[in-house]
Amino acid sequence: MKFEFFKAKFMYMLAESANPLFENKLDVGGLTLSYNTDTKVEMSFSSGKWVCVIGLCVVAYGKLNTKEIADRINTFEDIEDSFAFIKRLAGKFVVIQKIKNQLYAIPDATASLPIYYSTNGTIVIASYDEIISKFLRLEKSESALEIRKSGGYGQPFPNNISVCKEIKCVLPNSILNLTDHTVTRFLQFREKIVDRGEQEKIIQKSMDLITEITRGYSKQYSIICPLTAGRDSRLVFAFLEKTGIDFECFTYTGIGVNENVEIPKAICRDKHISHRIIDVEKAEVPYVDSIKEFIGECFSDQMFNYGYTLNKRYSGKAIINGDIIDQIGKSLIGNALPYCAASTTFFMAKLHNYSSKCRDEVKKWMKQIKSGGGRKDIFDYFALDSRMARWATLYSMMYSLCGVPSLNIFNCGELIDSWIALPRKKRADYYISTELLKNIDEQLLHYPVNPGDKFEWMKKNNVLFLIATYLKYFIGLLKSRKSHE
């Protein structure tokens with residue numbers, strides 16, 4: 001099977017000149033947007049202002065289409081007002097806006113469609129750092145490559161760095177000013193909601209928002225659901241079933257996979273939903289090599305294997321993943337730990353990285369979060385910045401390259417903010433997914449969840465969870481040092 005870049009989804013570059021890599025070119029306020037045919041683009045022009053929306057974008061409230069969304073954003077006179085409205089949107093998108101003679105770029109809630117940008121004074125942004133690197137003929141950073149190798153190619157870069165010193169990545173809750181190459185982050189501590197009635201309102205609001213988002217996605221793509229024996233994919237399944245759309249499920253087996261297939265088979269059988277078991281195949285060498293020509297070397301074999309397998313089975317369809325409901329919805333990173341337990345080493349453990357240069361970047365990131373007012377929510381910001389914007393996006397963009405976009409029905413800023421307002425202890429006890437399933441299909445709660453999980457009990461004890469995190473990290477650190485002796 002041959003990799004064909006022109007069939008890739010969600011690929012773009014905005015610069016002062018066109019990139020011959022892409023099929024389509026569009027003049028955008030004196031700049032050129034280069035993009036693939038299967039990457040949706042909508043523009044809005046008005047009195048010296050303009051807005052460009054790249055990618056899949058739906059309104060969690062109401063029924064505006066992408067062109068109407070662009071028109072609505074273009075009515076705002078201040079970029080902060082645009083940012084507030086974008087919080088109500090969901091999908092996989094980038095918004096570029098010219099307002100008051102300033103050019104801005106804003107990512108979706110988790111930056112699932114990346115904004116990599118040049119820091120050398122040239123206006124260039126793109127969906128991959130390697131696209132910019134090759135376009136501007138930049139040298140790779142030895143420091144960045146050392147960090148990536150230390151963590152393995154299946155792990156993300158820390159903070160906002162990339163393969164080149166002159167290229168950075170925009171993190172969630174940020175606005176990039178392309179005119180002066182500055183980034184503004186909007187961080188805040190959200191007072192925790194402990195009143196039961198108010199918590200129930202968050203669940204009801206979540207129901208409404210996610211249902212509308214799910215319907216919006218289904219109008220753009222044929223949907224497939226990777227169903228496991230876990231809670232997260234089961235909640236995705238419930239919303240797909242609730243909206244009444246046609247979809248099918250699959251469960252991975254094969255290379256690097258250890259999934260229980262009987263439970264997802266039973267769920268689909270009982271609910272009369274089509275289900276397939278798919279063996280993860282080893283990607284053919286020519287296929288992998290041709291992808292690396294576009295995005296570089298720093299990706300794990302398993303990423304290529306997943307993308308290759310999905311391309312053979314589901315090209316043109318969209319996967320709905322459940323990443324946000326685990327990272328934020330059940331406080332996977334910090335569990336119920338007090339925020340004072342957040343240390344550089346703790347986050348290094350979560351990055352699975354042992355490089356001193358990575359540690360320096362983590363320290364920079366922590367300083368920014370704390371100085372910006374996000375100290376008490378630092379575990380959630382790590383989940384958003386590192387686990388979602390950097391790690392989950394590595395996989396989802398690989399799928400997009402291979403012609404199978406990976407979308408998230410929870411990827412809405414307003415929805416995520418409402419979940420962060422719930423105490424992490426309550427989230428760690430599966431409050432959100434349990435209450436949502438009770439409202440949608442309580443029967444789904446009766447199927448076993450990840451039977452055979454040997455460490456579930458440990459996650460429920462803060463002391464053991466913290467000890468296990470550090471113990472695993474220091475064992476890995478010793479192994480890393482021995483391998484370099």
Side-chain angles (χ1 to χ4, degrees), residues 1-13 21 36 92 110-116 126-135 138-165 167-169 226 252 254-257 280-312 314-315 319 321 323 350-355 357-358 361 385-406 480:
M1 186 168 64
K2 182 181 179 182
F3 170 73
E4 297 170 306
F5 182 76
F6 72 91
K7 291 184 178 180
K9 320 289 185 185
F10 296 101
M11 298 293 142
Y12 74 91
M13 190 190 85
L21 180 66
N36 280 0
K92 190 183 188 75
T110 60
S112 67
L113 179 51
I115 303 174
Y116 287 98
S127 49
Y128 267 107
D129 50 357
E130 194 77 21
I131 292 175
I132 299 177
S133 171
K134 290 182 177 179
F135 186 74
L138 300 174
E139 295 292 328
K140 299 292 191 300
S141 163
E142 292 299 325
S143 174
L145 293 176
E146 178 187 321
I147 289 173
R148 195 61 177 274
K149 289 177 181 177
S150 176
Y153 287 164
Q155 299 299 326
F157 280 122
N159 199 6
N160 63 347
I161 68 171
S162 79
V163 293
C164 297
K165 183 179 179 181
I167 302 173
K168 301 295 184 186
C169 179
Y252 283 124
I255 301 172
V257 180
V280 178
E281 298 182 39
K282 184 172 178 57
E284 296 174 359
V285 173
Y287 187 82
V288 172
D289 288 345
S290 57
I291 293 180
K292 287 181 177 180
E293 289 180 13
F294 295 100
I295 64 172
E297 300 282 338
C298 297
F299 299 88
S300 70
D301 291 341
Q302 192 70 340
M303 289 183 194
F304 291 112
N305 294 340
Y306 278 131
Y308 176 81
T309 302
L310 289 171
N311 178 272
K312 290 183 70 174
Y314 293 117
S315 182
I319 286 181
N321 69 74
D323 289 326
K350 297 303 179 182
L351 284 167
H352 307 282
N353 200 297
Y354 311 102
S355 163
K357 292 182 173 62
C358 180
E361 287 297 329
D385 291 358
S386 182
R387 285 298 183 91
M388 295 307 307
R390 305 308 312 262
W391 180 73
T393 296
L394 281 178
Y395 283 87
S396 69
M397 289 303 289
M398 178 64 73
Y399 300 162
S400 295
L401 264 175
C402 296
V404 185
S406 179
S480 175

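Because only heavy atoms are used, hydrogens play no part in the values below, and waters and symmetry mates are left out as well, while side chains stay in.
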With heavy-atom distances below 4.5 Å as the criterion, would you say the side chains of Leu394 and Met303 are in contact? yes
Nearest-0.5 Å distance, OG of residue Ser355 to CD of residue Glu361: 9.5 Å
Any side-chain heavy atom of Tyr314 sitting closer than 4.5 Å to one from Ile319? no
With a 6.0 Å cut-off on the ring centroids, do Phe304 and Tyr287 count as close? no
Rounded to the nearest 0.5 Å, what's the gap from CG on Asp129 to CZ on Phe157? Could you check? 7.0 Å
Please say which of Ile161, Leu138, Ile131, Asn160 ends up in a side chain to side chain contact (heavy atoms under 4.5 Å, CB included) with Ile167. Leu138
Ile291 side chain reached by Phe299 side chain, heavy atoms, under 4.5 Å: no
How about Pro114 and Phe10: do any of their side-chain heavy atoms sit closer than 4.5 Å? no
Between CG on residue Asp289 and CZ on residue Phe3, distance to nearest 0.5 Å: 12.0 Å
Would you indicate whether the side-chain heavy atoms of Met397 and Leu113 approach each other to under 4.5 Å? yes
Of the options Glu297, Lys140, Lys292, which is the one that meets Glu130 in a side chain to side chain contact (heavy atoms under 4.5 Å, CB included)? Lys140
Does any non-hydrogen side-chain atom of Tyr308 lie less than 4.5 Å from one of Glu281? yes
Take Ser406 and Tyr395 through the test side chain to side chain contact (heavy atoms under 4.5 Å, CB included) and record every step on the way to the result. CA-CA 8 Å; Ser406 179; Tyr395 283 87; over 6 Å; no
Going through the distances and angles, do Ser150 and Lys357 end up as a side chain to side chain donor-acceptor pair (under 3.5 Å)? CA-CA 10 Å; Ser150 176; Lys357 292 182 173 62; over 6 Å; no
Hey, is Glu284 close enough to Lys2 for a salt bridge, meaning N to O under 4.0 Å? no
Taking the side chain as C-beta and beyond, is there a heavy-atom pair between Leu351 and Cys358 under 4.5 Å? yes
For the residue pair Met11 and Phe5, establish whether any side-chain heavy-atom pair is separated by less than 4.5 Å. yes
